[in-house]
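What follows is a single structure, written as structure tokens, with notes after it.
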Amino acid sequence: NAGVMQNPRHLVRRRGQEARLRCSPMKGHSHVYWYRQLPEEGLKFMVYLQKENIIDESGMPKERFSAEFPKEGPSILRIQQVVRGDSAAYFCASSLSQGNQPQHFGDGTRLSIL
Amino acid sequence: TQLLEQSPQFLSIQEGENLTVYCNSSSVFSSLQWYRQEPGEGPVLLVTVVTGGEVKKLKRLTFQFGDARKDSSLHITAAQPGDTGLYLCAPNLAGTYKYIFGTGTRLKVLA
């Protein structure tokens, strides 16, 4: 499967713990986007990264959230000291380049905070 | 002011019926994508439209991009239960790389 791969599919954390979500883009794609989806809501843009660079993090909370896309390996979305309100589905998408290029999505990580 | 509006929000129809869902905005888009999302899965790209007035067909699905590139529609002919899902439009605002996602139309096709 050469599609966008996200893991884990489901993640349960207790309040105060850290959550790490991983995303491997489609083969050949160097642009990664993270979105958050709450039940009955649309996808909300969080951050846009290229290899080793954060291009736009305007949709990401300033505290506790960080993202990276290293030269080697998957993109990581990290949430520190999780709170109940962080419970959501987090989706990653990748594209060949920016602009009008279509974004292809993974199946998401469903984060539940106890 | 809502940037993007999808309608209807919910639609329940019988197998074999036709339907149209809409995606509207007051902003001009450089392109627009339609996705379908099923429960527990990620959105799956159906089509990308780029040119004003463009019409694309995907089997029983017909996608149209408005002449002014501010709106789009998706028409499904002879709907089947397998068409059930959340249909999302995601325009790319002119001059940006960002896609804006609507809240979608939840379609249920009853057998």
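These figures come from a predicted structure and were not determined experimentally. Chain naming here is simple, since letters A, B, ... match the order of the sequence lines and numbering starts at 1 in each.
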Quiz item: At what distance, to the nearest 0.5 angstrom, does OG1 of B:Thr48 lie from CD of B:Gln33?
Solution: 4.0 Å
Quiz prompt | Joint hydrophobic cluster, A:Leu43 plus A:Tyr33, side-chain heavy atoms closer than 4.5 Å | solution = yes
Self-check item: Contacting moiety of A:Gln103, where chain B heavy atoms sit under 4.5 Å
Solution: both
Quiz item: Which region of B:Gln9, side chain (C-beta onward) or backbone (N, CA, C, O), has a non-hydrogen atom less than 4.5 Å from a non-hydrogen atom of chain A, or is it both or neither?
Solution: neither
Practice problem: Can you spot which of A:Gln81, A:Arg15, A:Arg64 makes a side chain to side chain contact (heavy atoms under 4.5 Å, CB included) with A:Asp86? | Solution: A:Arg64
Exercise. Treat each ILVMFWY residue as a node, draw an edge where side-chain heavy atoms are under 4.5 Å apart, and state whether B:Leu88 and A:Met46 are in one component.
Key: no
Self-check item: B:Phe65 and B:Phe29: CA distance, side-chain angles, deciding distance, side-chain contact (heavy atoms from CB on, under 4.5 Å) verdict
Solution: CA-CA 10 Å; B:Phe65 202 13; B:Phe29 309 136; 4.0 Å; yes
Quiz prompt | chain A contact via B:Leu32 - side chain, backbone, both or neither, heavy atoms under 4.5 Å | solution = neither
Quiz item: Under the criterion side chain to side chain contact (heavy atoms under 4.5 Å, CB included), which of B:Leu19, B:Leu86, B:Val21, B:Thr84 is the partner of B:Leu107?
Solution: B:Leu19
Exercise. With a 4.5 Å heavy-atom cut-off (strictly below), which parts of residues 104-114 of chain A touch chain B? List them by number.
Key: A:His104, A:Phe105, A:Gly106, A:Asp107, A:Arg110
Exercise. Compute whether any side-chain donor of one residue and acceptor of the other, for B:Tyr35 and B:Gln37, lie under 3.5 angstrom apart.
Key: no
